[in-house]
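Take a look at the structure below.
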Amino acid sequence: MVNFEQRNTKGGTLSDVAIEGKDPQFDAWLSEQLQFDEPYLDDDGFCESVMAKLPAPSKQNERRASRVQYIAVLAASGIVAWQFPFGEVLSEAARQSISLYSLVGVGMLSSLVVMAGGIFAARR
């Protein structure tokens, strides 16, 4: 196997063309290096036996993980609500005559829906 770096270096560094990924010789060398033609190393079923001896995941661990995720979402929501400038929003909403309850309610509800959706997506 020919070492690409030895063939295509000038002064001990790779050429700028090779670094930028526009060198066809480098692409050919890289794809040659990434070929996995080595034979499978048989371990006489060792990996399968180790995996079979591992305990199955329990429902309790899944519920604990779900609780931790929900607690994290509630904590993050609390921190955001704590940092949110409610005073400024209230005074601006009063000036604009926007229904404050609907504005804050829609914002909080949409935040919770997005975070809950993220949890459900992460669990799948």
Side-chain angles (χ1 to χ4, degrees):
M1 171 175 12
V2 177
N3 189 346
F4 181 80
E5 292 174 356
Q6 291 173 349
R7 276 191 312 166
N8 293 321
T9 56
K10 295 176 185 173
T13 60
L14 283 173
S15 66
D16 291 337
V17 175
I19 291 173
E20 292 174 6
K22 299 176 182 172
D23 188 4
Q25 288 180 338
F26 178 74
D27 291 340
W29 174 82
L30 183 60
S31 55
E32 177 185 318
Q33 298 301 313
L34 294 176
Q35 295 298 319
F36 296 109
D37 292 334
E38 296 180 15
Y40 174 74
L41 183 59
D42 188 21
D43 62 359
D44 293 327
F46 175 75
C47 291
E48 288 82 13
S49 66
V50 168
M51 293 301 289
K53 291 177 184 176
L54 291 175
S58 67
K59 291 288 183 183
Q60 184 179 8
N61 288 340
E62 290 179 16
R63 282 183 289 208
R64 185 179 304 137
S66 295
R67 282 188 222 128
V68 170
Q69 288 173 341
Y70 287 121
I71 290 170
V73 166
L74 289 174
S77 299
I79 291 170
V80 169
W82 174 53
Q83 293 294 318
F84 191 77
F86 282 111
E88 295 173 18
V89 171
L90 290 174
S91 63
E92 188 62 33
R95 270 190 242 130
Q96 299 291 330
S97 71
I98 298 174
S99 171
L100 177 64
Y101 294 115
S102 63
L103 182 66
V104 172
V106 167
M108 291 176 68
L109 182 63
S110 63
S111 297
L112 288 174
V113 167
V114 168
M115 285 188 252
I119 289 174
F120 289 127
R123 292 187 66 201
R124 291 181 179 224

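Computed from a predicted model, the values in this text were never measured in an experiment. Quick note: numbers below take in every heavy atom, side chains included, and nothing from hydrogens, waters or symmetry partners.
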If hydrophobic clusters are built from ILVMFWY residues whose side chains come within less than 4.5 Å, do [X] and [Y] share one?
{"X": "V68", "Y": "V73", "answer": "no"}
{"X": "Y70", "Y": "L112", "answer": "no"}
{"X": "L74", "Y": "M108", "answer": "no"}

Any residue meeting side chain to side chain contact (heavy atoms under 4.5 Å, CB included) with D43, in chain and number order, not counting sequence neighbours
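Side chain to side chain contact (heavy atoms under 4.5 Å, CB included) list for D43, sorted by chain: Y40, F46, C47, E48.
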So does Q83 have more than 12 non-hydrogen atoms from other groups sitting under 6.0 Å from CD?
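Yes.
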